[in-house]
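These notes concern the structure reproduced below.
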Amino acid sequence: MTALVGPNGAGKSTLLTMVGRLLGLDAGTIEVAGYDVTRTPSKDLAKIVSVLRQENHFITRLTVRQLVAFGRFPHSKGRLTVADEEVISRAIDFLDLTELEDRYLDQLSGGQRQRAYVAMVLCQETEYVLLDEPLNNLDMRHSVQMMKHLRRAAAELDRTIVIVLHDINFAGHYADHICAVKDGAVVEFGTPAEIMTDDVLTRVFDTPVTVVDGPNGPLAVYY
Amino acid sequence: MAESTVPRIRTSRTLPTPRARLRYRIVVSTLVVLAVGFTFGLLAWDNPMPVGSDGFWRIAELRATNVVVMAVVAICQAIATVSFQTVTNNRIITPSIMGFEALYVAVQTSAVYFLGVAGVLAVKGLPQFVLQIALMVGFAMLLYGWLLSGRYGNLQVMLLIGIVVGGGLASVSTFMQRLLTPSEFDVLAARLFGNVSNADAAYLPVAIPLCLVAATLLVLGSRRLNIVALGRDACTGLGLNHRRETMRVLFLVSVLMAVSTALVGPMTFLGFLVATLAYQFADTYDHRYVFPVAALTCFVVLSGAYFVMRNVFYANGVVSIIIEFVGGLVFLFVILRKGRL
Ligand SMILES: Nc1ncnc2c1ncn2[C@@H]1O[C@H](COP(=O)(O)OP(=O)(O)O)[C@@H](O)[C@H]1O
Ligand SMILES: [Mg+2]
């Protein structure tokens with residue numbers, strides 16, 4: 001699991017959407033699992049990499065389960081099999097949405113909807129998963145749960161997850177690697193231990209940061 | 001509770017509960033009954049011959065053209081509007097804003113302007129009908145070309161250009177109409193309100209196949225339309241080429257709209273009215289279920305309006321005006337209720 005961090009407007013979302021081929025490139029090439037994202041057919045890439053954007057517009061009269069089921073489209077083209085239904089159920093349970101699966105999206109809170117979108121992306125069963133600020137709108141409990149779920153997905157399901165995080169402490173605790181972006185360029189890349197220092201964080205975020213030893217590892221204090 | 005001991009079946013199908021399935025079945029059956037009823041009414045009501053006799057069928061046959069035209073218009077308007085709303089991601093839009101109707105009005109007006117009363121006859125006939133369809137589809141494809149070519153051309157820009165060009169055409173038409181003699185204008189005006197009796201049975205051999213092919217292609221693509229409805233990014237992420245899908249749908253929509261407009265004239269709010277009702281009736285996001293309900297609703301609205309107008313108020317010509325009036329009211333109501341466009 002790699003966390004993308006950096007100040008607002010640094011280009012994290014831009015980078016992520018380009019890797020997920022939602023945005024064209026001006027120059028250079030991007031490869032995911034050895035496939036050039038601009039050359040490989042989109043329907044093949046959909047089985048290799050899945051991507052969730054920061055904002056999602058939702059359609060009405062769609063239940064959580066029906067939304068999650070869309071994640072199977074690259075595999076089933078909309079004709080769901082019994083196996084597909086099992087994958088859908090697993091993704092829903094994984095994100096603690098079992099009770100809510102028959103609710104319509106417009107009856108959910110922002111955080112619940114956010115989890116439904118993440119479930120849809122996991123349901124796509126791709127090796128690479130790109131998530132743009134999935135902790136948006138989530139309360140403390142669900143933020144922690146989401147990060148635990150994603151770690152489990154990375155470990156148990158062998159997924160590679162790239163996640164944009166707003167809170168550097170979440171990145172420091174849960175990610176294996178941290179990639180710091182600033183002014184449209186990658187400025188730092190390393191393990192949490194390497195990045196979670198006063199010096200690096202102050203430079204990346206342009207604000208004084210002190211890293212202290214917390215009960216569960218280093219904590220960045222910036223207020 | 002006996003119910004809670006039954007394990008819930010977890011399924012992602014469109015109508016997950018027996019209740020939803022029953023509701024959908026009732027909706028479709030009701031619409032089918034109404035459609036059959038109005039069809040029979042239009043064919044048989046006031047038919048001087050006893051039902052089933054030779055004479056009865058001969059008279060019914062004469063009226064059947066109108067019913068077939070209604071069915072074609074219903075399929076065209078319903079399928080086109082629902083698809084158009086999906087690719088534009090907008091539930092209060094109607095494909096007529098793409099300038100089809102302005103083009104139709106411009107063609108009819110210039111015919112009368114340049115050729116006088118005879119002009120109305122000059123634009124009647126199968127070749128002219130085909131030419132009008134070709135003109136409208138060509139015009140739409142020019143707009144879509146803009147969408148395809150320009151790097152900054154997007155759907156919103158395209159719609160805007162469609163509206164502006166349509167507005168321009170409408171102004172030119174209005175100007176020409178001012179210069180007509182009253183009798184010429186009278187002849188023209190009858191053509192400018194959508195009316196099923198504008199259609200000529202001779203058009204049907206072209207209109208029916210075009211309508212059926214385009215509608216079938218759209219209905220067969222329902223599963224992909226469901227994905228397109230998620231928006232460009234989610235659609236791309238799921239491996240569907242959003243731009244190609246949009247182009248395909250817009251092309252088919254333009255064929256349907258062109259057929260409908262060239263056949264009976266402008267029907268601005270009919271599609272909108274019907275699509276709004278269809279989403280209420282079908283109560284689902286899934287196009288496979290919305291399309292049939294929309295087409296049936298459209299046919300019921302059209303045939304019902306004609307039946308009531310013809311047999312209760314004896315006012316055949318005002319049907320489209322009534323439909324447009326009701327459609328316009330629903331349009332305003334939806335906008336006011338949503339509070340935004
Ligand atoms: N490498 C880059 N060079 C120039 N501009 C960039 C670059 N990356 C991003 N931008 C611009 O920066 C703005 C903010 O980017 P965004 O990715 O939304 O930031 P955030 O890190 O907050 O997600 C965008 O308008 C984008 O066009
Ligand atoms: Mg961002």
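Interface residue B:Arg232: only side-chain heavy atoms are found under 4.5 Å from chain A. Contacts of B:Thr11 with chain A are made by both backbone and side-chain atoms, with heavy-atom separations under 4.5 Å. Both the backbone and the side chain of A:Arg21 come within contact range of chain B, each with at least one heavy atom under 4.5 Å from a heavy atom of that chain. If you measure heavy-atom distances from A:Arg53 to chain B, the contacts under 4.5 Å come from the side chain alone. For A:Leu130, no part lies near chain B; criterion is any non-hydrogen pair under 4.5 Å. A:Ser89 touches chain B through backbone and side chain together, each having a heavy atom under 4.5 Å away.
For chain A, the option among B:Thr17, B:Asn241, B:Leu240 with the highest count of heavy-atom pairs below 4.5 Å is B:Leu240.
Residues of residues 34-43 of chain A that come closer than 4.5 Å to chain B, counting heavy atoms only, are A:Ser42, A:Lys43, ordered by residue number. Taking 4.5 Å as the heavy-atom cut-off, the residues of residues 279-292 of chain B that approach chain A are B:Asp283, B:Thr284, B:Tyr285, ordered by number.
Here CD1 of B:Ile75 is found 11.5 Å from OG of B:Ser260. Values are rounded to the nearest 0.5 Å.
B:Arg10 has a carboxylate O that lies under 4.0 Å from a charged side-chain N of A:Glu101, or vice versa, which qualifies the two as a salt bridge.
The nearest pair of heavy atoms linking A:Ala69 to B:Ser12 is CB-CB, 3.7 Å.
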